[in-house]
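Notes follow once the structure below has been shown.
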Amino acid sequence: MTRHEPLVDYCFGLHWFALVDGPSGPGLRRLLRNHPRAWYCLAGGDLLAAGLADEACLRDSAGLASVREASPAANGRRAVSFYSAAACVAGQHPDGCVLALWRLEQGRFWLMAAHDGAVIGGTDCLFDDPAQAHAVHAEMKRRYSGLRELPQPEDLRAHLEQGRQESCRLHAGAGPRSRRFVVLLGPVLALVLIVAGWILGQQRPAVQTAAADLGGLMQDFRQRHWLPGVAGFQSLLRLLERLPYQAAGWRLQQADCLPNDGSWQCAALYARHDPQASNQGLEQILGPRVDLQFLDLDRARLRVAARHHGQPLDSARLRGQRQNERDLFSALQAVQAAFGQVSIGPPQALDFGPGAAHVEHAPGVQRRPWRSQSPLRSAYLLLPQAQVLRWEKITLHVAEQAIASLASSVLTLNLEGYVYERADEASSDSAQVLGHDLAPAHAVASPGSVRHGAADHGP
């Protein structure tokens, strides 16, 4: 090594955050503002993670696995370039989920995992107790059988050098820092203490927290924030329209739908309307392959489902907060006369759920709670906005006494869900909300004696 070449050292135990909006989005900038004295690096491709290092991290991992170059004397004369060991390993495995438990010099153990090249938060950690390290490693393998184990390299330094690239290098954050080290709130050492508690059986839910980070964290996050899109919303409305309103003396009362693993799962409740109602007749009308259950003498439940494809949140084209307040609100105001009630609340940061308590939130993306009530037919007016909507609960009520009008119908649809958007750089303290509430009138309505399809497209 020449006199002018920088020294290289590798850091272990970074604190990792998933970046939903990529390296150029506002998420990374917000993360660095929240930790102004941190150093950071990036790891991953389509799935991207940012690692933050603090003074304790750099000091604690110094000299491990013979990864320091040059002598202490030389180190005093030259600047040191720090690289994340986890990012160097993860970059060599851009596909799939990998797990490594490697023994370092000085008798310490290092546990890390990566998914599609992105380091999984909470797994870049060091252990002094080999029993703890092996127990956590075994628990992760037990819970996730699809993990690919990385063998211990003969020369760790050479292995890290093979994966070292500029993105793995630690860069100074956005705020003031000391000459060599920085301070990050929430030391990573706390994570090691939590892991020890898991193994001792004192914090059993925390075991699930760490294991959920491994591969399952991003899959679970994607599933909870999967957007059904326009086609998915259409499939839901068509499913509700196909429900028989009245058949063989039975009449639809209510249908409740929930999203579940790429499909809509609906349960429709029917009540005996005619004293001569026939259970056999209802089965014949619905068909032999339906999931029909007679709950008692006067009630029956029909379960139906419809698939939808949709797209993950990180593939959706989201508007910004201010753009939504301008364009989306205006579009809804133009059609609100067809709704008995529609409201959009203030933006909320996305978290990674109970399986990732150590991750604060998904930077750069937020959502607003949605509630609406309208005739079933009015829901079609939401299709132009459906690309950024996710429904958590859908209920179709049959109101026999309702007067059919623009904002009221015998078939009333209640939607509860979220509007997703990109977080603007400005504070959300000034975020706007949208609210509209009309009291629907009620009167006697007389639907036909036998109607197939719950669609109510009349006035």
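Not measured: the values here are computed from a predicted model. Sequence positions, counted from 1, serve as the residue numbers for this chain.
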Does a salt bridge link Arg319 with Glu421, judged by any charged N lying under 4.0 Å from a carboxylate O?
no

Is it true that Trp264 and His308 have ring centroids separated by less than 6.0 Å?
yes

Any donor-acceptor pair under 3.5 Å linking the side chain of Gln323 with the backbone of Arg422?
no

Under 2.5 Å between the SG atoms of Cys88 and Cys168?
no

Go through the side-chain N and O atoms of Gln321 and Gln366 and say whether any donor and acceptor fall under 3.5 Å apart.
yes

Derivation of the side chain to side chain contact (heavy atoms under 4.5 Å, CB included) call for Arg322 and Asn324:
CA-CA 5 Å; Arg322 295 297 298 171; Asn324 264 347; over 6 Å; no

Please say whether more than 12 non-hydrogen atoms of neighbouring residues, nucleotides or ligands are located less than 6.0 Å from CD in Glu149.
yes

Interatomic distance, Glu392 atom CD to Trp370 atom CH2 [nearest 0.5 angstrom]
14.0 Å

Would you sort out whether Trp102 and Leu150 count as a side chain to side chain contact (heavy atoms under 4.5 Å, CB included), showing the intermediate values?
CA-CA 9 Å; Trp102 294 346; Leu150 298 180; 3.9 Å; yes

Distance from Leu126 atom CG to Phe12 atom CZ, nearest 0.5 Å?
7.0 Å

Heavy-atom donor-acceptor pair, Asp116 side chain to Gly96 backbone, under 3.5 Å:
yes

Assess whether side chain to side chain contact (heavy atoms under 4.5 Å, CB included) is satisfied between Leu415 and Leu382, documenting all intermediate values.
CA-CA 11 Å; Leu415 296 172; Leu382 301 177; 3.9 Å; yes

Main-chain N/O of Ala86 paired to Trp110 side chain as donor or acceptor, under 3.5 Å
no

Check the side chains of Glu416 and Asn414 for a donor-acceptor pair under 3.5 angstrom, ignoring hydrogens and angles.
no

With a 4.0 Å cut-off on N to O distance, would you call Glu241 and Arg238 a salt bridge?
no

What's the separation between atom OG in Ser81 and atom CG in Asp9, rounded to the nearest 0.5 Å?
10.0 Å

